[in-house]
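As structure tokens, the structure follows; a few thoughts come after it.
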Amino acid sequence: MVSESLREKYGEMLVELGAKHPEIVVLDADLSSSTKTQAFGKKFPDRFFNMGISEQSMVTAAAGLALSGKKAFVSTFAVFLTRTYEQIRQSVCYNNIDVKFVVTHPGITVGEDGATHQIIEDTGIMCGLPNMRVIVPADSIEVSSVMHHLVEKTKTPYYVRLSREKFPVVNDSDYKFREGRNTVLRDGSDLTIFSNGAMVGLALQAAEELKAQAIDAAVINVSSMKPLDRENIVKYAKSTGHIVTAEEHSIFNGLGSRVAEVVSEEYPVHVYRIGMRDTFGKSGKSWELFDYFHMGVKDIVEAGIKCFQKEDDYEAVS
Amino acid sequence: MERSPSSVGGNENLNNETLSKLSKKAREYIIRMVYEAKSGHPGGSLSIIDILIYLYYNEMNIDPTNQNYEDRDRLIMSKGHASPALYTTLALRGFFPQELLMGFRKINSKLEGHVHRGVPGVETSTGSLGQGLGIGLGMALAGRLDHRNYRVFVILGDGEIEEGNVWETLMGANKYKVSNLIAILDRNRVQLDDMTENVMPMGDIASKVRSFGWDTMEFNGHDFNEIRKAFEFANQKRDGPVFLIANTIKGKGVSYMENTAKYHGSPPANQEEFEKAIKEIRDL
């Protein structure tokens with residue numbers, strides 16, 4: 001699979017959509033060359049605000065711009081946005097206004113910069129906010145479609161989690177993001193792997209390997225973390241009876257938790273969660289870190305196999 | 001750009017006597033609201049009310065009959081606990097019926113405990129301190145982008161400016177030279193726990209803010225002549241934002257509430273205190 005940068009695509013889309021939509025303004029906090037908002041700033045300097053390393057000021061100013069009819073895109077590294085949790089809560093979500101937080105460099109795919117920068121609790125924080133919607137795109141094609149969605153169809157707060165790393169392209173070129181709808185990337189009858197972001201490519205590889213073990217695994221992209229596609233999750237809980245979740249995030253308050261909540265309420269089946277298990281990250285090559293934290297292809301495959309072992313043999317982690 | 005008030009909107013240009021009468025009426029409402037709700041923040045409402053009355057009757061370009069017209073001046077009550085003062089001013093000015101004021105903090109009312117955008121005339125919800133100046137900066141930037149004439153007034157508490165968000169925005173507003181942004185500090189020297197200087201010594205606020213690139217002026221926030229001069233100063237042609245420091249008295253107008261933290265967030269304790277407050281306000 002060919003890999004493409006999600007943040008590069010975000011920067012391109014800002015420029016493309018910015019030309020058609022004068023209401024778009026962009027704010028950054030001294031990371032525009034990394035978040036890729038810089039291109040928008042060069043093209044539309046009047047509508048670009050580099051607020052310095054002052055995230056609180058950035059978020060509140062974005063709220064003021066949105067309250068005055070602008071569509072404000074706010075970008076920085078995911079970990080630094082969370083220091084403004086309360087500004088996001090009070091000034092953006094409570095006002096329920098058109099501010100889009102599009103963050104880069106979350107999770108362990110930050111790599112060498114290490115634990116300080118590898119936030120693994122952000123989608124949990126954001127999903128808890130009333131009025132906030134949360135999207136974790138799987139590839140550059142999805143970023144493009146999400147950007148059209150945000151600009152053309154929405155006027156409320158969103159949190160979009162991009163990445164530092166390039167991700168393999170998993171969606172068809174004509175893919176259209178649908179809010180609250182999962183995408184079945186590979187169908188299967190024995191087991192369902194729900195994943196998003198960085199883990200989608202790994203989940204697809206794992207499904208191939210499970211096939212060799214005679215396990216027919218479905219792979220589903222849950223890019224719309226909030227609202228969640230409950231119907232699809234229940235449907236696959238019923239049809240496959242076994243669920244593995246895979247996320248580049250803590251297993252607490254993340255995708256695994258959300259899927260488990262749905263099946264607990266509607267159709268209880270075993271859910272095995274792959275993710276960060278109550279630990280900080282560390283420096284290393286990003287793809288090495290997946291194995292280090294037991295989140296690699298091998299680990300997804302093992303989780304899939306465990307689903308079919310006798311219950312007595314199943315060793316719960318966490 | 002000269003920022004003199006335009007003829008658009010309702011600018012009443014009331015004399016001091018009329019403004020004082022309105023302030024008395026507003027003070028009485030503030031006490032009645034918090035006593036009825038058995039909760040709320042009278043101290044910081046009574047310290048800012050004279051400035052609010054002046055702004056909404058004499059200074060701001062607003063129109064209660066066309067509340068959301070694009071060129072209206074904006075006011076952000078960043079110290080969102082002063083909701084009784086803002087709600088009262090908006091009701092007196094005709095943004096919504098005065099009868100609704102007594103619903104303050106009650107379950108079937110829109111008048112949330114802290115300033116809420118669902119209330120007519122309110123530009124943004126506030127209540128967590130330190131965020132309003134940043135919102136004001138964003139509104140000021142939007143006004144410039146859209147080539148609109150409006151001004152953005154942001155009312156800050158003196159305890160509030162202990163928040164880092166305020167100082168980040170003091171930097172940002174200087175960078176972007178927003179001459180349509182006017183901050184007003186309610187310098188009543190008392191915060192929830194104690195006198196501000198005991199909780200966090202602020203030193204010479206004017207010189208600190210000036211060093212961040214803002215123009216400043218200090219004035220008596222209970223004297224309508226001085227309030228008028230302060231906004232005349234704010235309206236002078238200039239290249240950047242203005243920070244007006246209003247020296248005020250916490251709990252102004254009710255003797256037992258003045259200069260004490262006790263009534264920062266507590267209503268009159270009983271009927272006797274309530275009646276004393278109303279009598280003192282009427283005798284002002």
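Order of the sequence lines fixes the chain letters, A, B, ..., with proteins taken first and strands second; residue numbering starts at 1 for each chain.
Note that CG of B/Leu133 is 12.0 Å distant from CD of A/Gln56, once rounded to the nearest 0.5 Å. Atom CG in B/Leu145 sits 4.5 Å away from atom CZ in A/Phe49 (nearest 0.5 Å). Here the straight-line distance linking atom CD of A/Glu55 with atom CG of B/Asn165 works out to 10.5 Å at 0.5 Å rounding. Summarising the geometry, atom CD belonging to A/Gln90 is positioned 10.0 Å from atom CG belonging to B/Leu129; distances are rounded to the nearest 0.5 Å.
Most heavy-atom pairs under 4.5 Å with chain B: of the set A/Asp46, A/Val25, A/Thr60, A/Leu27, this distinction falls to A/Thr60.
Under the salt bridge (Lys or Arg N to Asp or Glu O under 4.0 Å) criterion, A/Glu165 pairs with no residue at all, not counting sequence neighbours.
Close approach to chain A, defined as a heavy atom under 4.5 Å from one of its heavy atoms, is seen in B/Glu112, B/His116, B/Arg117, B/Glu123, B/Thr124, B/Ser125, B/Ser128 of residues 112-128 of chain B, taken by number. Applying a 4.5 Å heavy-atom cutoff, none of the residues of residues 100-129 of chain A approach chain B. Near-neighbour residues of residues 64-86 of chain A relative to chain B, defined by a heavy atom under 4.5 Å from a heavy atom of that chain, comprise A/Gly64, A/Leu65, A/Leu67, A/Ser68, A/Lys70, A/Glu86.
Minimum interatomic distance between A/Asn50 and B/Tyr176 (heavy atoms only, all atoms of both residues): N-OH, 3.0 Å. Closest of all the heavy-atom pairs between A/Gln87 and B/Gln131 is CA-OE1, 3.5 Å.
Within the 4.5 angstrom heavy-atom criterion, no atom of A/Val59 approaches chain B. Contacts between A/Ile97 and chain B at a heavy-atom distance below 4.5 Å involve the side chain alone, from C-beta outward.
The 12-atom threshold is not exceeded at CG of B/Asp239, counting heavy atoms of other residues, nucleotides or ligands nearer than 6.0 Å. At most 12 heavy atoms of other shown residues, nucleotides or ligands fall within 6.0 angstrom of atom NZ in A/Lys43. Counting heavy-atom neighbours within 6.0 Å of B/Lys177 NZ, excluding the residue itself, gives a total above 12. Within 6.0 Å of NZ on B/Lys110 lie no more than 12 heavy atoms contributed by other residues, nucleotides or ligands. The environment of CZ in A/Arg230 is crowded: more than 12 heavy-atom neighbours from other residues, nucleotides or ligands sit within 6.0 Å.
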### Derivation and outcome, side-chain contact (heavy atoms from CB on, under 4.5 Å), residues B/Met171 and A/Ser54
CA-CA 9 Å; B/Met171 281 190 289; A/Ser54 305; 3.9 Å; yes
